[in-house]
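This structure is a prediction, so every number in the text was calculated from the model and none was measured. Residue numbers start at 1 and run along the sequence shown.
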Amino acid sequence: VCVVLILFAIFAFATCGGYSGGLRLSVDCVNKTESNLSIDIAFAYPFRLQQVTFEVPTCEGKERQKLALTGDSSSSAEFFVTVAVFAFLYSLAATVVYIFFQNKYRENNRGPLIDFIVTVVFSFLWLVGSSAWAKGLSDVKVATDPKEVLLLMSACKQPSNKCMAVHSPVMSSLNTSVVCISEIPEKAFKRRERVANHFLMI
């Protein structure tokens, strides 16, 4: 089970903590010289989107409008990655103990008891992290939806100008992180159940 937890934890913090993405928009003004058909907006972990700024044409001469994405999902993202990293380190340490120090682990109830308590704590943290990050990811998706970003632009409020989404963010890796979150508490619970059974047999 520890090996499975290690793999899920790696996928979890790697897919979220290492994420970088972007979108591309197009603003086609009536006066073609004022248009910008390739507006690139890049964002990344920890998803402090309100700090992601970009400039777009106003279609009113050379004047430019400076905008920023909306929202801040850094707290949920960073909490999730932190839990994933510590879960990885603990699972790695537990695996070493199980393999190389099994005799000492079984000498008394202290080892299994500590393992039981830590597993329960991590199960709780994963459940909290899963709820927080799932909501945070939903907010990130909304804030980086090209249709939502186009609504921020004054030029796009004029019917004579044509605003389009050229490229949407690829969220597949972030979706993977959510799947990993949902699996880890279940695996940890099964492990906790086995430890509980161990106590009952003593």
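Looking at heavy atoms from C-beta onward, N36 lies out of side-chain contact with E55 at the 4.5 angstrom threshold. S26 is not listed as a side-chain neighbour of S35, based on a closest heavy-atom distance of 4.5 Å or more. S76 places none of its side-chain heavy atoms less than 4.5 Å from the side chain of K135. Side-chain contact between F11 and S177: absent, with no pair of heavy atoms (C-beta onward) separated by less than 4.5 Å. In this structure, V52 and I41 have side chains that are in contact, with non-hydrogen atoms separated by less than 4.5 Å. Side chains of I39 and R24 form no contact here, defined as non-hydrogen atoms less than 4.5 Å apart. Side-chain atoms of L23 and V166, non-hydrogen and from C-beta on, never get closer than 4.5 Å to each other.
For the atom pair CE (M171) and CG (L137), the distance works out to 7.0 Å, reported to the nearest 0.5 Å. Atom OG in S73 sits 10.5 Å away from atom CZ in F43 (nearest 0.5 Å). Note that OG1 of T70 is 6.5 Å distant from CG of L152, once rounded to the nearest 0.5 Å. Rounding to the nearest 0.5 Å gives a distance of 9.5 Å between CH2 of W133 and CG of D139. Here C59 contributes atom SG and Q65 contributes atom CD; the two are 10.0 Å apart, rounded to the nearest 0.5 Å. The structure places OG1 of T58 at 10.0 Å from CD of Q158, a figure rounded to the nearest 0.5 Å.
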>> For a side-chain contact (heavy atoms from CB on, under 4.5 Å) check, start with the C-alpha distance between F47 and S74, then their side-chain angles and the critical distance, and finish with the verdict.
In response: CA-CA 5 Å; F47 308 108; S74 60; 5.7 Å; no

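In this structure, D145 does not pair ionically with K141, as no charged nitrogen and carboxylate oxygen lie closer than 4.0 Å. Salt-bridge check for E78 with R48: passed, with a basic side-chain N closer than 4.0 Å to an acidic carboxylate O.
Listed here is the closest heavy atom pair of C16 and L174: CA-CD2, 4.0 Å. Nearest heavy-atom pair, P169 versus T144, reported as atom, atom and distance to 0.1 Å: CG-O, 3.5 Å. The nearest pair of heavy atoms linking L25 to P146 is CD2-CB, 3.7 Å.
Other residues, nucleotides and ligands contribute over 12 non-hydrogen atoms within 6.0 Å of the CZ atom of F79. Counting non-hydrogen atoms of neighbouring residues, nucleotides and ligands closer than 6.0 angstrom, the NZ atom of K66 reaches no more than 12 such neighbours.
V30 and L37 fall into different hydrophobic clusters, where Ile, Leu, Val, Met, Phe, Trp and Tyr residues are linked whenever their side-chain heavy atoms come under 4.5 Å apart, directly or through other members. Note on I10 and L89: same hydrophobic cluster, where clusters join Ile, Leu, Val, Met, Phe, Trp and Tyr whose side-chain heavy atoms are under 4.5 Å apart, directly or indirectly.
Ring orientation note: the planes of F80 and W126 are nearly perpendicular, at an angle over 60° on the 30°/60° scale.
In this structure, the side chain of T15 engages the main chain of A12 through a donor-acceptor pair within 3.5 Å. In terms of modelled atom types and a separation under 3.5 Å, the side chain of N161 and the main chain of C156 share no donor-acceptor contact. Side-chain N or O atoms of T95 include one that pairs as donor or acceptor with a backbone N or O of S91 at under 3.5 Å.
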